[in-house]
Amino acid sequence: MTVAPTVLRDRLRGHEADLLALLAELVSMESPSDDRGLASRVAERLAAEATSIGLQVELEPAGPYAQTVVARMAGSNPPIGRRVLLVGHYDTVYPAGTLGQHPFRIDGDVAYGPGVFDMKGGLVIGLHALRALRVLARDRCPPVTFVMNGDEEPGSPNSRATIEREARDHDLAIVLEPGRPGPALTMARKGVGIFRMAVAGIEAHAGAEPEKGANSLVELAHKIIAIERLSDRAAGTTVTVGVARGGTQPYVVPGSAELSLDVRVETDAERDRILESLHSIAATTHVPGTTTGLDGSFHRPPLQASPSAEAYAAIAQRIAAEIGYPLGLGASGGASDGNLTSAMGTPTIDGFGAHGGGAHSPREYAEVSSLTRKAAVLAAFLLVLGELDGPVDA
Ligand SMILES: [Zn+2]
């Protein structure tokens with residue numbers, strides 16, 4: 001028997017206190033990406049929560065970071081519908097001790113605390129949506145895998161392989177990162193690259209024989225101007241030289257200098273243009289005697305909405321409207337693990353987490369009422385996905 005989206009909504013609303021208790025607990029356990037000891041405790045707490053819902057849980061090692069939690073819900077037997085991957089991270093950007101100044105607290109419809117919005121709120125939404133489905137619609141659930149990683153903020157260096165492997169094995173990825181203002185889901189994210197150029201020149205006495213030197217800083221200056229010109233606002237491409245340094249003393253022609261830069265692109269075509277241009281800027285010499293090396297890469301490819309991702313999103317939007325919480329579609333300049341899932345060719349909907357603001361700042365907050373609403377939209381969406389067996393737009 002089908003369960004109406006409004007039934008899921010009412011159940012989740014009725015359990016708002018449970019959602020908030022789990023959120024309070026998770027936010028009150030600090031989990032800086034680079035503090036494996038602290039972050040592991042959150043991984044273990046999440047694993048216990050997923051187990052209590054009836055999921056099969058594995059903790060995968062993630063090098064110097066805390067474990068990646070991989071929780072699987074088998075779905076109905078025999079399996080029906082789409083295989084869905086949920087993705088969320090439990091690490092935060094805040095150093096240990098931040099809770100001392102900014103403890104978890106609720107004031108009206110606003111919950112404050114480090115990571116409440118980015119994105120422990122999203123984890124609570126995912127876990128409670130699955131809990132509601134297990135209780136109300138166990139025989140109609142699609143197979144769901146929920147990956148929770150602890151190294152997203154530094155770019156998922158170690159959980160990336162897990163996320164890519166799981167993305168390949170699933171039909172749709174839903175990322176529980178914060179929602180966009182509107183409220184809206186996130187359908188596109190820029191790709192991010194970090195690059196470094198190192199100029200080798202020739203040191204010489206600035207007074208006695210400057211002609212024997214090759215000034216690496218002057219060469220670097222030419223390159224900075226050329227790099228800045230690669231930005232193309234209309235195409236959504238930004239290129240920022242964020243660091244430059246070089247030289248030793250005012251009276252020494254500088255023998256070495258380097259810069260590092262951040263690139264954000266919306267499309268693969270722009271990514272290719274930037275890569276080609278950076279190689280050509282590195283290879284073009286203005287100051288004779290200098291040579292330049294380039295290293296770096298796009299560690300996050302752009303997330304571009306595919307037609308099938310848009311068709312899935314249209315279903316989610318229809319459900320959201322039915323529940324009384326209409327959701328628009330938006331885009332973000334920041335990257336997430338959704339960039340990784342979509343690069344594997346898996347249709348990806350991001351921004352399924354909490355609504356709020358102030359991510360990565362002491363002002364971080366989540367709207368309390370968005371938690372049960374997004375959980376209801378997610379649960380009802382999963383139920384529809386569990387019954388889809390034709391093309392997505394049917
Ligand atoms: Zn995040």
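Residues: numbered from 1 along the sequence shown. Just so it is clear, the structure is predicted and the values come from calculations on it, not from any experiment. Numbering of ligands and ligand atoms starts at 1, following listing order.
- Side chain of E152 to backbone of D91: no donor-acceptor contact under 3.5 angstrom is found.
- Within the protein, the N, O or S atoms sitting under 2.8 Å from the Zn ion (ligand 1) are H89 NE2, D118 OD1, E177 OE1, E177 OE2.
- In this pair, Y365 and F117 present their aromatic rings parallel. The plane angle is below 30°, not in the 30 to 60° band.
- Taking T348 as the reference, T341 meet the side-chain hydrogen bond (donor to acceptor under 3.5 Å, both in side chains) condition, with sequence neighbours excluded.
- Within the 3.5 Å criterion, the main-chain N or O of D151 finds no donor-acceptor partner in the side chain of N149.
- The stretch residues 101-112 participates, sequence neighbours left out, in these side-chain hydrogen bond (donor to acceptor under 3.5 Å, both in side chains) pairs: D109-S369.
- Its side chain within the 4.5 Å cluster rule, V287 clusters with V218 among the Ile, Leu, Val, Met, Phe, Trp and Tyr residues.
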